[in-house]
Amino acid sequence: MDVRNCRSCGAMFQYNGYGPPMCANCRKKLDESFLKVRQYLKDNPDASINELAESAEVSIPQINQWIREERLIFSKNSSVQIPCESCGKMIRTGRYCKDCKDTMIHSLGGDKKGVVAEPQKPSGSSKARMRFLDH
Ligand SMILES: [Zn+2]
Ligand SMILES: [Zn+2]
């Protein structure tokens, strides 16, 4: 049994092994906040991350996390963008830009189509990631 302290309220709870370490109450609250944020974004497609955080009283890192998880998707008109975790290019949702995703799919799929030009990779981390993908 994996008993932990809730990240949000500090209460002891039984951790089920996946997702953020939060008790059932806080998870439920977070889900409700997410629905609020999503509704707010629907009504205000131009809203900034700040506004979204205020609208549902959640933290800005939490909003960022939802963007990374592709749970929040911004319209083309929105000014909200986050940097690709690999190359730093500004993107609207997810963790990586399209180019980096393509590169990753190629390295996963054994490079069947043949990559014409290797996009620049940040030094250091890419090797470790390749090894991880190769197992
Ligand atoms: Zn809690
Ligand atoms: Zn990228």
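Quantities reported herein were computed from a predicted structural model and do not represent experimental measurements. Order of appearance sets the numbers: ligands from 1, and atoms from 1 within every ligand.
Rounding to the nearest 10°, we obtain 110° for the angle at the Zn ion (ligand 1) between Cys6 SG and Cys23 SG. At the Zn ion (ligand 2), the angle from SG in Cys84 to SG in Cys97 is 120° when rounded to 10°. To the nearest 10 degrees, the angle centred on the Zn ion (ligand 1) between SG in Cys26 and SG in Cys9 reads 110°.
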Evaluate side chain to side chain donor-acceptor pair (under 3.5 Å) for Asp43 paired with Gln39, printing each intermediate quantity in order. CA-CA 6 Å; Asp43 298 337; Gln39 185 58 46; 3.3 Å; yes

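The shortest side-chain heavy-atom distance between Pro21 and Phe13 falls under the 4.5 Å cut-off.
Classification of Arg95 and Glu69 as a salt-bridged pair fails, no side-chain N sitting under 4.0 Å from a carboxylate O. Checked for salt-bridge contact, Asp102 and Lys98 meet the test: a charged N lies under 4.0 Å from a carboxylate O.
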